[in-house]
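Computed from a prediction, not measured in an experiment: that's the story for all the values here. Scope of the values below: all heavy atoms of this structure, side chains included, with no hydrogens, waters or symmetry mates. Along the sequence shown, residues are numbered consecutively beginning with 1.
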Amino acid sequence: MPDIPLGVLDLVPISSGSSAPQALRNSIQLAQRAEEFGYARYWFAEHHLNPGVAGTSPAVVLALTAAATSTIRLGSGAVQLGHRTALSTVEEFGLLDALHPGRFDLGLGRSGGRPSPPLPSATPVVDGRAPNGLRIPPRFSFEFLLGSPRIALQRKLLLLPNAESQEYGEQIDDVLALLAGTYRSPDGVEAHVVPGEGADVELWILGSSGGTSAEVAGRNGLRFAANYHVSPATVLEAADGYRAAFQPSDVLDKPYVSVSVDVVVAEDDSTARELATGYGLWVRSIRTARGAIQFPTPAEARAHVWTDEDRALVQDRIDTQFVGSPARVADQLEQLQEATDADELLITTITHAHTDRVRSYELLAQEWRRRGHSAQSS
């Protein structure tokens, strides 16, 4: 198979009994180790009002991590544009690039909008499987989350009073123009961002379906990151939609796709399954709109009394988490890559103990390297 780099996606998770400061220190230390292990990228997600996630501002955490590392590419996965402006985003990453030139990926995502409707995929799925056997579960509906009081409060607190989010495609156009120094207002006034204009950042669009995000990434000829770990049911649709919309640009002459996936690796399958025990309860907290809880210990997770409704809420995510020995998980990653034709894979791993999380990334990197893959990306 082709040489497929691995990257890291970090939510800065807080384990039960721990704290946000410790989670931040753990993430910076993990980035240092990921650099040693040979990972190509290290991205931070953006989440708000979650008791168990400390990654609220990718740019701030990236600045701290850049000072503690030297070679690994760093990025956002993703800056959520629903409550931000193109200018503030370009200014933040311009500041980062000014001190650490050529190291940053600016990953941009939508937020606050309605999920895209189901779209046809060019890749057939039969009985919940892609042609190569990759599990593609039934589509999960996020509609009910939009009516959650917590989600409504989050939006209220993130947006200025009476503010309206700019249309996503227009925001991306503005980001591109501000970076290139070609921005003009409707009446012809120029805007030049210092620092920011001409910043050597790599632009990515993140998306979970074949809808708006995939289309915007494709028509602008940008790199696209599809989320198997967030919405496994629509990963093929997302990749296919992006490729169908792709138009060559000054950045890319052909589509370039990364796919994210939840992974836990240990020396053997049974140990890995034990480390992953808390995952289902953690996903449940997100999908009940409570916000991500602090990641539980296996014992805390086993104490939860599961209902049929609980299990239905998280089954797609549990079924598509890759858990096991290095060889087992590497086999699954190669299957995911084959099904999506991904150019890179983005690994997100959460365990209760930080040492187990670091070890998971280390074991995976060793096995991936043994199979002939390198960290170099296009």
Side-chain angles (χ1 to χ4, degrees), residues 1-11 26-43 65 69-75 77 103 105 129-135 223 225-229 232 235 239 256-277 279 318-378:
M1 68 178 297
D3 190 14
I4 306 298
L6 298 181
V8 176
L9 175 61
D10 187 356
L11 279 63
N26 287 346
S27 286
I28 293 171
Q29 196 257 347
L30 178 58
Q32 293 172 320
R33 298 303 307 278
E35 185 172 77
E36 295 172 13
F37 300 154
Y39 284 86
R41 307 176 192 274
Y42 199 103
W43 286 5
T65 307
T69 57
S70 57
T71 58
I72 193 169
R73 290 196 67 87
L74 302 171
R103 289 189 61 195
D105 303 326
R129 300 279 180 175
N132 74 337
L134 177 74
R135 185 184 290 274
R223 294 171 176 84
N227 297 320
Y228 187 66
H229 86 283
V235 66
Y256 194 90
V257 176
S258 174
V259 175
S260 60
V261 58
D262 273 303
V263 164
V264 175
V265 179
E267 279 77 1
D268 56 74
D269 291 347
S270 62
T271 302
R273 286 194 296 269
E274 175 72 4
L275 296 179
T277 305
Y279 180 72
I318 291 175
D319 288 345
T320 55
Q321 186 187 31
F322 295 170
V323 178
S325 66
R328 176 184 292 275
V329 170
D331 285 346
Q332 292 175 300
L333 289 174
E334 290 181 340
Q335 184 183 48
L336 175 64
Q337 186 281 325
E338 180 186 54
T340 59
D341 196 22
D343 299 283
E344 298 188 23
L345 296 173
L346 196 61
I347 310 302
T348 180
T349 296
I350 304 178
T351 59
H352 183 269
H354 176 59
T355 52
D356 292 327
R357 190 169 174 235
V358 174
R359 182 61 173 157
S360 178
Y361 279 109
E362 182 178 22
L363 289 169
L364 179 58
Q366 290 172 349
E367 176 65 19
W368 206 242
R369 202 161 46 244
R370 188 188 69 77
R371 295 184 182 213
H373 300 289
S374 74
Q376 299 303 311
S377 57
S378 303

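- With sequence neighbours excluded, the residues satisfying side-chain contact (heavy atoms from CB on, under 4.5 Å) with E367 are P326, A327, A330, R370, R371.
- Looking only at distances, a side-chain donor or acceptor of T348 sits under 3.5 Å from a matching main-chain atom of L9.
- To the nearest 0.5 Å, atoms OG (S258) and CZ (R223) are separated by 11.0 Å.
- For CZ of R328, the number of neighbouring non-hydrogen atoms (other residues, nucleotides, ligands) closer than 6.0 Å is 12 at most.
- Between Y361 and Y39, a ring centre-to-centre spacing shorter than 6.0 Å is recorded.
- Remark: L346 CG to D262 CG distance equals 10.5 Å, nearest 0.5 Å.
- Between I347 and V261 the shortest side-chain heavy-atom distance falls below 4.5 Å.
- At least one side-chain heavy atom of R359 sits under 4.5 Å from a side-chain heavy atom of E362.
- With hydrogens and angles disregarded, no donor-acceptor distance shorter than 3.5 Å links the side chain of R357 to the backbone of S27.
- Using a 4.5 Å heavy-atom cutoff, the side chains of Q337 and V259 are not in contact.
- Looking at R103 and T69, their side chains do bring a donor and an acceptor atom within 3.5 Å of each other.
- When side chains are defined from C-beta on, Q332 does not count as touching V263, because their heavy atoms never get closer than 4.5 Å.
- At a threshold of 4.5 Å between non-hydrogen side-chain atoms, the residues E338 and L134 do not count as touching.
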Would you check, one step at a time, whether the test side-chain contact (heavy atoms from CB on, under 4.5 Å) holds for F37 with I72?
CA-CA 10 Å; F37 300 154; I72 193 169; over 6 Å; no
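- Between L364 and T349, the closest side-chain pair of non-hydrogen atoms is not below 4.5 Å.
- Side-chain contact between D331 and Q335 is absent, with no heavy-atom pair separated by less than 4.5 Å.
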